[in-house]
There are 2 protein chains.
Amino acid sequence: MQHDQLSSTFAALADPTRRAILARLASGEASVTQLAEPFEMSMPAISKHLKVLERARLITRGREAQWRPCRLEAAPLKDIAEWIEHYRQFWEQSFDRLDDYLRKLKAKDKRHARKPRKN
Amino acid sequence: MQHDQLSSTFAALADPTRRAILARLASGEASVTQLAEPFEMSMPAISKHLKVLERARLITRGREAQWRPCRLEAAPLKDIAEWIEHYRQFWEQSFDRLDDYLRKLKAKDKRHARKPRKN
DNA sequence: TGTACATTTAACTCATCGGTTATGTAACCG
DNA sequence: CGGTTACATAACCGATGAGTTAAATGTACA
C-alpha cells in the first residue's frame, strides 16, 4: 500500500469485509466480537481488518474494561467524496452523451421503422 | 484484488500513479506513451497500471494504427460516489458535533476569561 | 523488405495482503 | 489465587501487487 492518506483510504475500502464493518459502525459503536459476529472468519482476521481501518483513520478505538469499542470516523470518507467530486461533471456529461446516443438511435429506428433489423 | 466491482474500483484507485492517469484522462484521450511521460517508470509498469484500470472499467482502449488511445469511463466512479453518499449524513453530523464541541469550548473560555490557561 | 516506433507479454524479484493456528496479555469475576 | 472473557501478537502460508529487464508483437513507412 502507499503512504499517502487517499491511497490508504481507498485500499482500506477495497475489501468487502471492511466495508461491511464500516456499514455496521455507521449505526453505532461496537466491540470487536460484535463486529466479528457476521463473518465466518477468525478473530485475528477481524483484528487485522480493524487495524487496516484504524491506520486509514476510518475508525478509532476506545477502551472499556476488556472491550475495545470501535467507532466510525468519517473524515477520510469525506476526503474521498471530495476527490471524486472532481469527476462528477465528467460522468454526468458521459451519461448525457449516452442519452444523446440513445435518442439518436431511437430517431433512426423511427425513420427505418419499415425495415426491421436482425437481433 | 476482489471479484466484486466496487472492490476492484477501490483497489484501482488506491494508487497515486493510477489516480494521476485518470486525472490526465479527464481532460481527454491519450496514448500510452503520453500517459507514461510524467512518470519515472518503465513502459511495462504503465501498461500494467492501465490494465488494472481497464479491468476495473475505469478506462477503455481503442486502436488507431500503432496507438492504443485510452479514455476515461466514469461509471465506476459514479458507483463509488453513490456508495459513499450513504455516509454523507454521518460525516456531516460528525462535523456538527465538532462544531458543537468547539462552540462549547469557546463558551467555556468566555466564562473563564479571567483565568488564562497554560499552553 | 527492413527498420523504427508503440505497446504488450514473459519471466523474474520483492513486498504486502488476507487468511490461518498457536500463543500472549489484560481485565473481570468467583 | 485461578479461570474466563476479550482481544492482540507472532509466525507462517499462498496469492497478488508493483516494479524491473528482455523479448515479442503489430503497425507505419522508406
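Computed over heavy atoms, backbone and side chain alike; hydrogens, waters and symmetry mates excluded.
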Rounded to the nearest Å, what distance is computed from the [atom1] atom of residue [X] to the [atom2] atom of nucleotide [N]?
X	N	atom1	atom2	answer
B:L53	C:dT8	CG	C1'	16 Å
A:K48	C:dT16	NZ	C1'	10 Å
B:I21	D:dA18	CD1	P	11 Å
B:D15	C:dA15	CG	P	18 Å

| request: Could you tell me whether the phosphate oxygens of C:dC17, OP1 or OP2, come under 4.0 Å of any side-chain nitrogen or oxygen in A:H49? | output: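 No, because none of the side-chain N or O atoms of A:H49 sits under 4.0 Å from OP1 or OP2 of C:dC17.
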| said: Below the 4.0 Å mark, does D:dT9 have OP1 or OP2 next to a side-chain nitrogen or oxygen of A:K51? | reply: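 A:K51 to D:dT9 OP1/OP2: side-chain N or O found under 4.0 Å.
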| request: For A:R19, check salt bridge (charged side-chain N to carboxylate O under 4.0 Å, His left out) against everything at least two apart and list the hits. | output: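 For A:R19, the residues satisfying salt bridge (charged side-chain N to carboxylate O under 4.0 Å, His left out) (neighbours in sequence not counted) are B:D4.
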| salt bridge (charged side-chain N to carboxylate O under 4.0 Å, His left out) with A:R61: which residues, sequence neighbours excluded? |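 A:R61 satisfies salt bridge (charged side-chain N to carboxylate O under 4.0 Å, His left out) with A:E54 once adjacent residues are dropped.
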| query | Tell me the side-chain hydrogen bond (donor to acceptor under 3.5 Å, both in side chains) pairs involving residues 37-49 of chain B, sequence neighbours left out? | reply |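 Every side-chain hydrogen bond (donor to acceptor under 3.5 Å, both in side chains) pair that includes a residue of residues 37-49 of chain B, provided the two are not neighbours, is B:R18-B:H49.
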| Does anything in residues 37-47 of chain B reach DNA chain D, meaning a heavy atom under 4.0 Å, and if so which residues? |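 Those residues whose heavy atoms fall under 4.0 Å from DNA chain D, taken from residues 37-47 of chain B in numerical order, are B:M41, B:S42, B:P44, B:A45.
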| message | Take a 6.0 Å sphere around CD of A:E64 and say whether it holds more than 12 heavy atoms from other residues, nucleotides or ligands. | response |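 Not buried by this count: 12 neighbours or fewer within 6.0 Å.
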Short N/O separations, protein against nucleotides 25-30 of chain D, under 3.5 angstrom:
none

| query | Taking the inter-plane angle between the rings of A:F10 and B:F10 on a 0 to 90° scale, is it parallel (under 30°), tilted (30 to 60°) or perpendicular (over 60°)? | reply |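 A:F10 vs B:F10 ring planes: tilted.
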| field | Audit row: A:L22, A:I59, side chain to side chain contact (heavy atoms under 4.5 Å, CB included) steps and yes/no | value | CA-CA 8 Å; A:L22 292 185; A:I59 65 170; 4.0 Å; yes
| message | Under 4.0 Å, heavy atom to any atom of DNA chain C: which of residues 54-61 of chain A qualify? | response |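 Nothing qualifies; none.
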| request: Measure across A:A56 and A:S8 and return the closest heavy-atom pair with its distance rounded to 0.1 Å. | output: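 So the two residues come closest at CB-O, 3.8 Å.
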| query | Counting distance only, does the side-chain N/O of B:Q34 pair as donor-acceptor with the main-chain N or O of B:S31 below 3.5 Å? | reply |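 Pair found, side chain donor or acceptor close to backbone of B:S31.
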| Is there a donor-acceptor contact under 3.5 Å from the side chain of A:Y87 to the main chain of B:A23? |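 Yes, A:Y87 side chain to B:A23 backbone: donor-acceptor pair under 3.5 Å.
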| Does a side-chain heavy-atom distance below 4.5 Å link B:F39 with B:I21? |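 A side-chain contact exists here, since the closest heavy-atom pair is under 4.5 Å.
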| task | Run the salt-bridge test on B:E73 and B:R57 with the 4.0 Å N-O cut-off and return the result as yes or no. | result |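 Looking at B:R57 together with B:E73, the answer is no, because their closest N to O distance does not fall below 4.0 Å.
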| said: Need one value for B:T17: base, sugar-phosphate or nothing, where a base atom within 4.0 Å counts as base even if backbone is also close, heavy atoms only. | reply: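 No contact at all - B:T17 keeps every heavy atom at 4.0 Å or more from the nucleic acid.
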